[in-house]
Amino acid sequence: MSQIENDHSTVAPQKTIVKSGLKPIYIISALFFVFGFLTWLNAVLITYLKLACQLNNLEAFFVAFAFYIAYFFMALPSTLILKKLGFKNSMAAGLIIIGVGAAIFIPAALTRVYLLFLLGLFCAGHGFSHIAICFKPIHYHPGAN
């Protein structure tokens, strides 16, 4: 009996190191506040595009439609990109897509071509939906690749 007690007393408790996955959550959450603000700016953009491009009410509300329809049409392609690139690289790809959408606004503003504005909004909406799709698994499983 004394030998069993000696064996147990020499075993040191093992410490496990748990990698914290909170830093990516904080960064992505901060990005979502920025994205929420940019999404809210669509309502302001409707008024300015209506004046700049001389739009009627129906054409003006295609501004919001072009942004939000990207969530519907680009969700499945975004999942394919996510499978191919992984979470982190796919989030970077989403930011690049948003950047492309924002860059399209430069020639659209210079030429005042309404369809270019819609294309830029569609690209930005695609980027926002892409990042939202990438965020969900990272949120539920911090530390995933």
Next on the checklist: One pair to check against side-chain contact (heavy atoms from CB on, under 4.5 Å): Leu31 and Ile131. What are the steps and the verdict?
Outcome noted: CA-CA 10 Å; Leu31 281 175; Ile131 288 178; 5.7 Å; no
Item to check | Non-neighbouring partners of Phe37 that pass side-chain contact (heavy atoms from CB on, under 4.5 Å), sequence neighbours left out | outcome: Trp40, Leu41
Next on the checklist: Suppose we screen for side-chain hydrogen bond (donor to acceptor under 3.5 Å, both in side chains). Which residues come up paired with His130, at least two apart in sequence or across chains?
Outcome noted: Ser78, Ser90
Next on the checklist: Suppose we screen for side-chain contact (heavy atoms from CB on, under 4.5 Å). Which residues come up paired with Tyr71, at least two apart in sequence or across chains?
Outcome noted: Phe67, Tyr68, Phe128, Ser129
Item to check | Co-membership, hydrophobic cluster, residues Phe61 and Phe72, 4.5 Å side-chain | outcome: yes
Item to check | Phe65 atom CZ, neighbour heavy-atom count above 12 within 6.0 Å | outcome: no
Checklist outcome for this item: By side-chain contact (heavy atoms from CB on, under 4.5 Å), Thr47 pairs with (sequence neighbours left out) none
Checklist entry - Measuring from Asn42:CG to Leu49:CG, what's the distance to the nearest 0.5 Å? => result 9.5 Å
Next on the checklist: Restricting to ring-ring contact (aromatic ring centres under 6.0 Å, His included), what partner residues turn up for Phe73, sequence neighbours left out?
Outcome noted: none
Next on the checklist: By the side chain to side chain donor-acceptor pair (under 3.5 Å) test, which pairs, at least two apart or in different chains, include something from residues 97-123?
Outcome noted: none
Checklist entry - Passes side-chain contact (heavy atoms from CB on, under 4.5 Å), Leu55 versus Phe117? Steps please. => result CA-CA 12 Å; Leu55 306 174; Phe117 282 113; over 6 Å; no
Item to check | Residues clustered with Ile106, ILVMFWY side-chain links under 4.5 angstrom | outcome: Leu110
Checklist entry - What residues form a ring-ring contact (aromatic ring centres under 6.0 Å, His included) with Phe122, not counting sequence neighbours? => result none
Checklist outcome for this item: All heavy atoms of Ala64 vs all of Ile46, minimum pair found to be CB-CD1, 4.4 Å
Checklist entry - Are Leu121 and Leu58 connected in a single hydrophobic cluster, I mean Ile/Leu/Val/Met/Phe/Trp/Tyr linked by side-chain heavy atoms less than 4.5 Å apart? => result yes
Next on the checklist: So if I apply the side-chain contact (heavy atoms from CB on, under 4.5 Å) rule between Cys134 and each of Asn89, Leu85, Leu82, which one comes out positive?
Outcome noted: Leu82
Checklist entry - Out of curiosity, does Val34 fall in the hydrophobic cluster containing Met91 (side-chain heavy atoms, cut-off under 4.5 Å, transitive links)? => result yes
Item to check | Closest non-hydrogen atom pair between Glu59 and Gln54, with its separation | outcome: OE1-O, 4.4 Å
For residues 94-103, run the donor-acceptor check on the side chains, cut-off 3.5 Å, and write out each pair with its distance to 0.1 Å, sequence neighbours left out.
none

Checklist outcome for this item: Hits for side-chain hydrogen bond (donor to acceptor under 3.5 Å, both in side chains) against Asn56, two or more places apart or cross-chain, chain-then-number order -> none
Next on the checklist: Within this structure, what is the CG-CD1 distance for the pair Leu76 and Ile81, rounded to the nearest 0.5 Å?
Outcome noted: 11.5 Å
Next on the checklist: Holding to side-chain contact (heavy atoms from CB on, under 4.5 Å), I want the full list of residues that pass it with Ala92, two or more places apart in sequence or in another chain.
Outcome noted: none
Item to check | Side-chain hydrophobic cluster, 4.5 Å single linkage: members besides Phe33 | outcome: none
Checklist outcome for this item: Rounded to the nearest 0.5 Å, the OG1 atom of Thr79 sits from the NZ atom of Lys83 at a distance of 6.0 Å
